[in-house]
Amino acid sequence: MSASAPLKPRVRFAPSPTGYLHVGGVRTAIFNYLFARQHGGTFILRIDDTDTKRNLEEAVKVIIDGMKWVGLDWDEGPEKGGNFGPYYQSQRFDRYKAAAEKLEKSGRAYWAKKQIGDKLPDWKIEKMKKAGKWDEDLAKASQDPNPALYFKIHEGEPQDVTLEDAVWGRYSRPADVLNDYVLLRGDGTPTYNFATVVDDIEMGITHIIRGEDHLANTPKQINLYKALGAPLPQFAHLPMIHNDKGEKISKRRDPVAVTLYQACGLQPEALFNFLALLGWSPGDDREIMTKDEMIAAFTLERIKLAPAQFTLARKRDLKPEADEKERADWLAESLPTTKLEWMNGEYMKKLPLPELVERARPFLAAQGYALDAMPAEKLAQVVKLEQERSRTLRQLAENVKLFFAAPASYDPKAVEKVLKKGDGLAMLKDVRAMLDAQSDWAPHVLEEALKKFVEAKSTKFGNVAQPIRVALSGATVSPPIHDTLAVLGKAEALARIDRALAAVA
RNA sequence: GUCCCCAUCGUCUAGAGGCCUAGGACAGCGGCUUUUCAAGCCGCCAACGGGGGUUCGAAUCCCCCUGGGGACGCCA
């Protein structure tokens with residue numbers, strides 16, 4: 001077990017197909033990925049589906065799509081194949097059986113019925129009931145007439161187990177807390193602790209980078225490695241991610257599915273960057289980093305041990321029973337003022353316009369805008385005007401509304417303040433006449449014309465711009481007024497001004 | 001309940017005995033700019049959980065407390 005990386009490390013991300021891809025899992029995958037790429041190693045995706053009876057295909061697709069979306073690619077695994085397949089645990093039962101036989105033969109495994117008492121400790125039962133996990137499953141298991149295959153964890157004299165974790169340092173467990181554990185259940189299926197070890201050995205995994213929740217089990221797994229005569233990999237356990245309440249991030253209370261972030265119009269590059277910086281930093285002041293920069297800077301040693309909070313500006317609690325759409329709405333509400341949203345805005349600003357337009361399309365369509373009716377060039381102009389003004393695609397889609405629909409109503413406050421008070425209405429009438437006379441409707445021409453107009457009226461620009469703004473958008477906010485006019489087009493702009501004049505007069 | 005781990009601004013973090021009157025970023029606040037909203041620029045606010053040691057010197061090392069987390073299944 002060496003602390004330095006071998007020439008070609010092999011690492012793996014092994015999610016369980018539960019129907020969604022967890023952001024915590026994505027972070028684990030990112031760390032594995034960065035490590036592999038930095039050392040020119042191999043990044044493997046393996047599906048840990050020993051327990052899945054449900055629609056596996058669907059659930060695996062969610063994982064694959066999510067991984068691809070955030071910009072993770074793997075060298076071996078589903079869709080890629082590889083020399084160490086199959087990459088589904090459900091298709092590797094023969095290996096587990098073979099390993100089990102080997103252990104049995106060497107006297108390191110034995111068949112037995114549930115042995116450490118028939119009942120679990122009371123505190124455990126309480127806890128499980130509280131968590132809603134106290135289901136038939138368990139009761140059934142304890143009544144299972146079939147014996148299970150147990151791993152005899154000690155050979156000869158019980159010994160303490162110590163490991164050098166790449167991020168935690170030395171971690172050791174005394175011999176007396178290392179108990180025999182189940183490898184094969186009564187029904188013959190392998191347990192997690194058995195299947196992972198067998199697969200990690202057979203797939204030649206050199207570095208196991210996974211969540212801290214697995215740390216305590218690692219010594220037990222180490223003994224299994226030894227019993228199977230396999231070399232030990234380097235372990236690296238990652239600190240957990242907490243929610244804004246300091247709790248372990250949870251599926252019920254927190255927005256953990258990556259699809260939610262997608263639905264809020266976050267950029268995959270931003271989410272990747274943000275997640276990579278949760279518990280890891282390059283050591284200097286860099287925050288916005290390209291994938292290549294992160295690959296170059298990544299080291300396991302620089303991972304921080306304290307759990308990191310995935311902070312959201314939670315305004316209200318998320319109902320545990322909320323569906324996907326409610327969750328996405330909740331997330332969108334909780335994103336403003338967060339670092340993640342800021343970072344996303346930075347990435348959006350950098351995006352080439354055509355790419356941004358493509359990414360914005362589904363969000364614009366979701367707003368019900370008639371996209372097909374708008375020429376591509378105009379659409380690009382519209383998006384460009386909001387590129388710097390929006391921090392998510394969802395916001396962009398909302399902000400861009402005035403270019404797709406005339407105001408259905410006018411904000412009463414805006415009308416009062418901008419049109420009714422002072423000479424707003426008169427000013428609007430006059431600009432309208434001036435604009436009507438414009439033959440060239442290019443933005444810079446309009447800007448000049450407006451400036452001249454303001455000068456002639458010896459007033460402030462705002463006194464002219466704001467009335468137009470209200471007429472065009474129904475409110476006091478829009479991109480620069482000459483740009484807005486230009487993109488809207490002369491006919492539409494004048495029509496909206498007329499409508500506003502009629503509505504307010 | 002038992003065992004283990006962790007602890008720097010509200011948040012993400014830098015910091016591996018003197019470079020720390022603790023640095024950066026987000027958020028917040030104020031200003032400049034201005035055509036509204038953004039963006040941009042400038043500035044301000046803000047932390048070593050508490051208590052003991054060790055040391056000439058501690059955010060950094062040790063101990064205790066407190067707080068938080070994790071593990072303890074025929075779940076993964």
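Numbered from 1 within each chain, the chains take letters A, B, ... in sequence-line order.
- Of the nucleotides present, C72(B) is the one that pairs with G1(B) by Watson-Crick or G-U wobble criteria, both distances under 3.5 Å.
- Along RNA chain B, the nucleotide nearest to F274(A) and the one nearest to V177(A) differ in position, and the one closer to the 5' end is contacted by V177(A).
- When the side-chain nitrogen and oxygen atoms of T50(A) are compared with OP1 and OP2 of A76(B), one or more of them lie within a distance under 4.0 Å.
- The distance between atom CG of N217(A) and atom C1' of C74(B), rounded to the nearest whole Å, is 14 Å.
- Residue R170(A) is out of contact with every strand shown, counting any heavy-atom pair closer than 4.0 Å.
- Of the possible donor and acceptor atoms, one in the side chain of H154(A) sits under 3.5 Å from a partner among the backbone N and O of A175(A).
- Residues from residues 303-318 of chain A lying near RNA chain B, meaning a heavy-atom separation below 4.0 Å, are K304(A), L305(A), A306(A), A308(A), Q309(A), T311(A) in numerical order.
- If you check the side chains of Y181(A) and N217(A), you find no donor sitting under 3.5 Å from an acceptor.
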Close N or O pairs between protein and nucleotides 40-51 of chain B (under 3.5 Å):
residue	atom	partner	partner atom	Å
G40(B)	OP1	K349(A)	NZ	3.4

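- Of the nucleotides present, G18(B) is the one that pairs with C56(B) by Watson-Crick or G-U wobble criteria, both distances under 3.5 Å.
- Pair check for G67(B) finds C6(B); Watson-Crick or G-U wobble, both atom distances under 3.5 Å.
- Note on K248(A): only backbone sugar-phosphate atoms sit closer than 4.0 angstrom, heavy atoms only; bases stay farther off.
- C29(B) is paired with G43(B) under the Watson-Crick or G-U wobble criterion, all donor-acceptor distances under 3.5 Å.
- If you check U34(B) for Watson-Crick or wobble pairing at under 3.5 angstrom, you find it has no partner at all.
- Nucleic acid contact class of T337(A) (heavy atoms, under 4.0 Å, all strands): sugar-phosphate only.
- Panel note: side chain W168(A), backbone E212(A); no donor-acceptor pair is recorded below 3.5 Å.
- Between G24(A) and I241(A), the shortest heavy-atom contact is CA-CD1, 4.0 Å.
- Using a 4.0 Å heavy-atom distance criterion, T338(A) is classed as a sugar-phosphate-only contact.
- The residue E447(A) sits close to a base: some heavy atom pair falls under 4.0 Å.
- Sequence order on RNA chain B of the closest nucleotides to S390(A) and F461(A) puts F461(A) first from the 5' end.
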>> Can you build the contact string for nucleotides 60-65 of chain B? Use B for base contact, S for sugar-phosphate-only contact, and - for no protein heavy atom under 4.0 Å.
In response: ------

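- Atom CG of N193(A) is separated from atom C1' of C74(B) by 12 Å (rounded to the nearest Å).
- U36(B) and U21(B) have their P atoms separated by 44 Å, given to the nearest Å.
- Between F235(A) and Y225(A), the angle of the ring planes goes over 60°, which puts this pair in the perpendicular group of the 30/60° scheme.
- Residue contacts shown for H482(A) include a base, since a base heavy atom lies under 4.0 Å away.
- Remark: R286(A) is not in phosphate contact with U13(B), judged by side-chain N or O atoms under 4.0 Å from OP1 or OP2.
- Screening K248(A), R314(A), K245(A) for a salt bridge (charged side-chain N to carboxylate O under 4.0 Å, His left out) involving D254(A) leaves a single residue, R314(A).
- A distance below 6.0 Å separates the ring centres of F298(A) and W280(A).
- Across all strands shown, I481(A) has heavy atoms under 4.0 Å from base atoms, whether or not it also approaches the sugar-phosphate.
- Y181(A) comes within 4.0 angstrom of nothing in the nucleic acid, heavy atoms only.
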